[in-house]
Amino acid sequence: MSIKYSKSFLDKLENIFAASDYILRYEKGNFKSGYCVLKDSKIVIINKYYTLDGKINTLIDIIKEIGFKPKDFEDKKIQDLIAELQQTELKL
């Protein structure tokens, strides 16, 4: 899968969080890594000043870190996207 750095692709990644138990927020902050995952509260906070590319790469990293499984989602499009992301290596 090639990653498309577009607003449309960012929306697809955000939909994964919308369909999960996690809450995705964009805020300003002093995150050393550019994001913060509060696993106990199931909240993901991303630096709102990130570029589009940065937000997409960060969301992909977080999706892999959290370990979302395609079977955890009812929407076939989300299942397919997660399966593809699990096989994708980021080229920075």
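Between Val44 and Ile66, some side-chain heavy-atom pair lies under the 4.5 Å cut-off. For the pair Gln86 and Pro70, the minimum side-chain heavy-atom distance is below 4.5 Å. Using a 4.5 Å heavy-atom threshold, the side chains of Tyr5 and Asn57 count as touching. Phe68 places none of its side-chain heavy atoms less than 4.5 Å from the side chain of Leu85.
Atom-to-atom distance recorded for Arg25:CZ and Ile46:CD1 is 11.5 Å, nearest 0.5 angstrom. Expressed to the nearest 0.5 Å, how far CD1 of Ile82 lies from NZ of Lys12 amounts to 13.5 Å. Note that the CG atom of Leu52 and the CG atom of Leu10 stand 6.0 Å from one another [nearest 0.5 Å]. Here CG of Leu38 is found 10.0 Å from OH of Tyr22. Values are rounded to the nearest 0.5 Å. The distance from atom NZ of Lys7 to atom CD of Glu14, rounded to the nearest 0.5 Å, is 5.0 Å. Taking CG of Asp61 as the start and CD1 of Ile56 as the end, the distance is 12.0 Å to the nearest 0.5 Å.
Not one N or O on the side chain of Ser41 forms a donor-acceptor pair closer than 3.5 Å with the backbone of Ile43.
Taking the six-membered ring where the residue is Trp, the centroids of Tyr50 and Tyr26 are separated by 6.0 Å or more.
Heavy-atom neighbours of Asp21 CG from other residues, nucleotides or ligands within 6.0 Å: at or below the threshold of 12.
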- Message: Determine whether Leu59 and Leu24 satisfy the following criterion, side-chain contact (heavy atoms from CB on, under 4.5 Å), listing intermediate values before the conclusion.
- Response: CA-CA 10 Å; Leu59 284 175; Leu24 176 63; 3.8 Å; yes
- Mind running side-chain contact (heavy atoms from CB on, under 4.5 Å) on Phe9 and Ile60 for me, showing each step along the way? CA-CA 11 Å; Phe9 189 70; Ile60 292 171; 4.2 Å; yes
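Every residue was checked against the side chain to side chain donor-acceptor pair (under 3.5 Å) condition with Tyr49, not counting sequence neighbours, and none meets it. Not a single salt bridge (Lys or Arg N to Asp or Glu O under 4.0 Å) links Asp40 to another residue, sequence neighbours left out.
Closest approach of Glu27 to Ile45, counting heavy atoms only: CB-CG2, 4.0 Å.
Sorted by first then second residue, the side chain to side chain donor-acceptor pair (under 3.5 Å) pairs that include residues 70-81, not counting sequence neighbours, are Lys76-Asp80.
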